[in-house]
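One structure below.
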Amino acid sequence: MKIATWNVNSLKVRLPHLLDWLAATQVDVVCLQELKCEDKSFPLAEIEAAGYRAVFNGQKTYNGVAILSRSEITDVVRNIPGFDDEQRRIIAATVNGVRVVCGYFPNGQAVGSEKFEYKLRWLTALTDWLRAEMAVHAKLVLAGDYNVAPEDRDATPEWHDEIHVSVPEREAFRALLALGMTDAFRMFDQAEKSYSWWDYRMMAFRRNVGLRIDHLLVTDALKGEVKSCVIDKAPRKLERPSDHAPVIVELGG
DNA sequence: ATGCCACGAATATCGTGA
């Protein structure tokens, strides 16, 4: 089973890319972020025609997450239970016995800002909820745009802003690992300067000036099934791309 | 310091968020 995560930065604009990519990769499950569309505008017919079911948690203009799957989707949860939040950033569901949690983590804007404080509060709430979720679902994948580059090797040397690489954000990432999860990408040898996001400006993609902020964490019960984990840069090379590339983990056994 | 992009309000550009 292949599970992917992709921040599409507007599902409406990126739908042709997504449909082409689904046909090309044949992934079983895709977690999407930054839909930027309300549920009533979700392109369900096109996605179903491509052979996928979908559950989604959208809002106007900002945020919005979805899980697409070729097989049955059950036990859907929207948003972090008990965490009062207008922003649609979480959807979770079970597919083929695997709990899939799709998250669009807050950007945080700048260290010390109000949005940064919200990011840290949100991360704490997510961690507390996942502790409980993992107690019920041993096999769990946390997929999404974390807006955190966990280590120095995950950030281009040209990155001088603190946001995405600050100590509190990295501590929050490690707190997720400490629940009993592993970064699937780092289970394998990877090229140096492997990134999943590049700013649209300054020819950042061509110069490979980016960050690795899109991740797939797997619980210990799933770790033994992980066969590969790759960043697929192909969609980032197309006309009118998302600023993020999809990341794919392959589970077997 | 910044050049991009998507969106909505408004109807040309501009503010917001990323």
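Model, not experiment: these values are computed from the prediction.
- The side chain of A:Met202 lies closest to B:dT2, out of B:dC7, B:dC5, B:dT2.
- Distances shown here put every side-chain N or O of A:Arg201 at or beyond 4.0 Å from the OP1 or OP2 atom of B:dC4.
- Comparing the same atom, C1', in B:dT16 and in B:dC4 gives a spacing of 14 Å after rounding to whole Å.
- The existence of a salt bridge linking A:Glu133 and A:Arg99 is confirmed by a sub-4.0 Å separation between a basic side-chain nitrogen and an acidic carboxylate oxygen.
- Nucleotides B:dA6 and B:dA18 place their P atoms 16 Å apart, quoted to the nearest Å.
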Polar atom pairs between nucleotides 10-17 of chain B and protein, under 3.5 Å, N or O only, would you list them?
from	atom 1	to	atom 2	distance (Å)
B:dG17	OP2	A:Lys115	NZ	3.3

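- Between the P atom of B:dC5 and the NE2 atom of A:His17 lies a distance of 12 Å, rounded to the nearest Å.
- We find that NZ of A:Lys12 is positioned 15 Å from C1' of B:dC5, with the value rounded to whole Å.
- Regarding A:Arg207, its CZ atom lies at a distance of 11 Å from the C1' atom of B:dG3, rounded to whole Å.
- One interatomic measurement links the two molecules: CG of A:Asp161 to P of B:dA18, which rounds to 14 Å at whole-angstrom precision.
- For the OP1/OP2 pair of B:dC5 and a distance below 4.0 Å, the side-chain nitrogens and oxygens of A:Arg14 include no atom meeting the criterion.
- A continuous path of Ile, Leu, Val, Met, Phe, Trp and Tyr side chains, each step under 4.5 Å between heavy atoms, connects A:Leu177 with A:Leu179, placing both in one hydrophobic cluster.
- If you measure from atom CZ of A:Phe105 to atom P of B:dA18, you get 15 Å, rounded to the nearest angstrom.
- Each of A:Thr5, A:Leu211, A:Ile213, A:Asn9 was compared with A:His244 under the side-chain contact (heavy atoms from CB on, under 4.5 Å) criterion, and only A:Ile213 meets it.
- Spacing between atom CE of A:Met203 and atom C1' of B:dG3 amounts to 10 Å, rounded to whole angstrom units.
- At a threshold of 4.0 Å, the pair A:Arg121-A:Asp85 does not count as salt-bridged, since none of the basic side-chain nitrogens sits closer than that to a carboxylate oxygen.
- The CG-P distance, from A:Leu35 to B:dA18, rounds to 15 Å in whole Å.
- Looking at heavy atoms from C-beta onward, A:Arg212 lies out of side-chain contact with A:Trp197 at the 4.5 angstrom threshold.
- Summarising the geometry, the separation between CD on A:Gln87 and P on B:dC7 is reported as 17 Å, rounded to the nearest angstrom.
- When the C1' atom is compared between B:dG8 and B:dG3, the two are found 23 Å apart, to the nearest whole Å.
- Residue A:Glu34 places its side chain closer to B:dA18 than to any other of B:dA6, B:dA18, B:dC5.
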